[in-house]
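For the single chain, residues carry numbers from 1 onward in sequence order.
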Amino acid sequence: MTPTELLPAPPPHAAARRALLAGSAGNLVEWYEFGVYGCFATVIAANFFTPHPGTPGGGAEALVATYASFALAFFFRPVGALLFGRIGDRFGRRPALVLVIGLMTLATTLIGLLPTRADIGAAAPWLLTFLRVLQGLSAGGEFGGAVSLMVEYAPPGRRGLYGAWQSFTVALGLLAGAGTAAALAAVLPAEELYAWGWRIPFLLALPLGTVALWLRTALEEPPGARPDGPPGRPAAADPAEAVDATNTTDATGPTGPTGPTGPGEQARAVVLGIGRIMGWSAAGYAFLVVLPSHLQSALGASFRDALLATTLVNLGFAASILPAGLLSDRVGRRPVMLGGALGIAVLAHPLLHLLQSPGASPQTRAAAVLTAGVLVGLLAGPGPAMLAEMFPRRVRCTGLGLSYALANAVFSGCAGLFVTALTARTADTAVPAHYAAGACALSAVALLTLRGNDHREPLR
């Protein structure tokens, strides 16, 4: 048998489309919920984290507590990445993806049913935080499994585009969350929205998650997903191998045919992956999730105006992701992602200034938030494929999931807490711009280590 005959056959187009749909549907549900939570942060603060509504400073303190719960979920993502990544690498992509969407759907639905602090007292915020932890575990396992599935099914020269669907459905999920919140704010009086209307978006996760679960149960494993064992048995993997077998690529080439082997090189691989996406993580959450509450609490915008701005920034984000992924297949990951990182580093402050300027027209402000979303999309489009190309197949779920989860735990999960607390302490309304620009400047340095032809190399 020739070496060519030993290689896995290219996936049929129908199977590739089914894999893309199954992976994308779960991402949409996961990030729909995160978008809803960000949009309703002030409402959740009032219902769960305000012991005495109306007391001086109570609103700001409650909002900080709400984002602390938000951040806690992110810090459980690395645990989820290790847990579900091991399942995905050892038993196959499908079992891991079925488990994570089931867990997320259950936790999100239960949030919509939770009694508030007015009903059961101090137990309410603790129950909410526990459900956020479950969501964090689920989200941590989602990225590695979904991206591995999509990229491994991608036709030659299309990994950037296929991987970009993960980010695109994140954008659709955030957009759906913002749009649902905006629609409810438009049709319900504020009293009813705070009393019961906020529950509706969380309960909608049940039918959405059921559809995603059905799609994933019918999923087939990617071709060649079991390179080290007989048919029907996936290759064994240990979660620690995610670091042992990562492929650290620098400006001069890979560290070896199977990736770094020493402890120093292992740590460098993880740190490099985090560095390459830290700007994406920080800017994405500063602009796409934290923006509504910041516009309300720091700039005095109405709830509806803040949601409109969030919808627009997510539209710009969604519109640029797939073109950015496709472009990265042609010119490489490095120039596209560097353009996004440097664009945010340079333009974050001018864009926020336009939003704060009383003389800016509605059209100008709309253009500012759309531009911010587009720049984040330049990072998010090629990002999944770039990470997947750093890890060999046998540990890809765990490896890229862990890198992504750690970056998001630090630079996304803390975004709301950091921005809200620092703005309240310093009265500096430009804190989101400082945060996004600084992270993107550092990320640009790490992105310079990408080789220009990584996108053309076969997956290992």
Side-chain angles (χ1 to χ4, degrees), residues 24 27-28 31-32 34-36 38-39 160-161 163-183 277 279-295 299 301 304-328 335-357 360-384 412 415-416 419 430 432-433 435-437 439-440 443-444:
S24 300
N27 280 306
L28 191 149
W31 290 91
Y32 161 82
F34 273 87
V36 165
C39 289
L161 178 61
W165 275 93
Q166 191 278 338
S167 297
F168 182 61
T169 48
V170 168
L172 292 183
L174 293 173
L175 188 59
T180 303
I277 65 170
W280 169 18
S281 299
Y285 269 80
F287 292 145
L288 305 179
V289 178
V290 177
L291 184 64
S293 57
H294 178 75
L295 291 177
L299 304 180
R304 294 181 184 181
D305 288 345
L307 288 177
L308 177 60
T310 306
T311 302
L312 288 173
V313 74
N314 277 282
L315 278 173
F317 178 54
S320 64
I321 289 172
L322 294 181
L326 183 60
L327 181 62
S328 77
V336 180
M337 296 187 72
L338 265 177
L342 294 175
I344 293 170
V346 172
L347 296 176
H349 287 88
L351 292 174
L352 188 62
H353 176 74
L354 285 176
L355 288 178
Q356 297 176 171
S357 174
S361 66
Q363 293 81 5
T364 300
R365 292 179 180 178
V369 293
L370 281 169
T371 300
V374 167
L375 291 172
V376 178
L378 294 180
L379 294 167
S412 294
V419 168
Y435 186 71
C440 283
S443 193

Checklist outcome for this item: Taken to the nearest 0.5 Å, the spacing of Ile344 CD1 from Thr371 OG1 works out to 11.0 Å
Checklist entry - For Ala433 and Leu352, which heavy atoms make the closest approach, and how far apart are they? => result CB-CD2, 3.9 Å
Next on the checklist: On a heavy-atom basis, which atom in Gly177 and which in Val36 lie closest, and how many Å separate them?
Outcome noted: CA-CG2, 3.6 Å
Checklist entry - Looking at side-chain heavy atoms only, is the closest gap between Tyr32 and Thr180 below 4.5 Å? => result yes
Next on the checklist: Could you report the tightest heavy-atom contact between Ala366 and Leu312, atom names first, then the distance?
Outcome noted: CB-CD1, 3.8 Å
Checklist entry - In Å and rounded to the nearest 0.5 Å, what is the SG to CG distance from Cys440 to Leu379? => result 5.5 Å
Checklist entry - If you round to the nearest 0.5 Å, how far is CG of Leu322 from CG of Leu327? => result 12.5 Å
Checklist entry - Do the side chain of Ser443 and the main chain of Ala439 share a donor and acceptor less than 3.5 angstrom apart? => result no
Next on the checklist: Rounded at 0.5 Å granularity, tell me how far CD in Gln363 sits from CG in Leu370.
Outcome noted: 12.0 Å
Item to check | Atom pair CG (Leu172) and CG (Asn314), whose distance is rounded to the nearest 0.5 Å | outcome: 9.5 Å
Next on the checklist: Tell me the closest heavy-atom pair linking Val336 and Pro382, and the distance in Å.
Outcome noted: CG1-CG, 3.7 Å
Item to check | Leu375 vs Phe287 side-chain heavy atoms within contact, under 4.5 Å | outcome: no
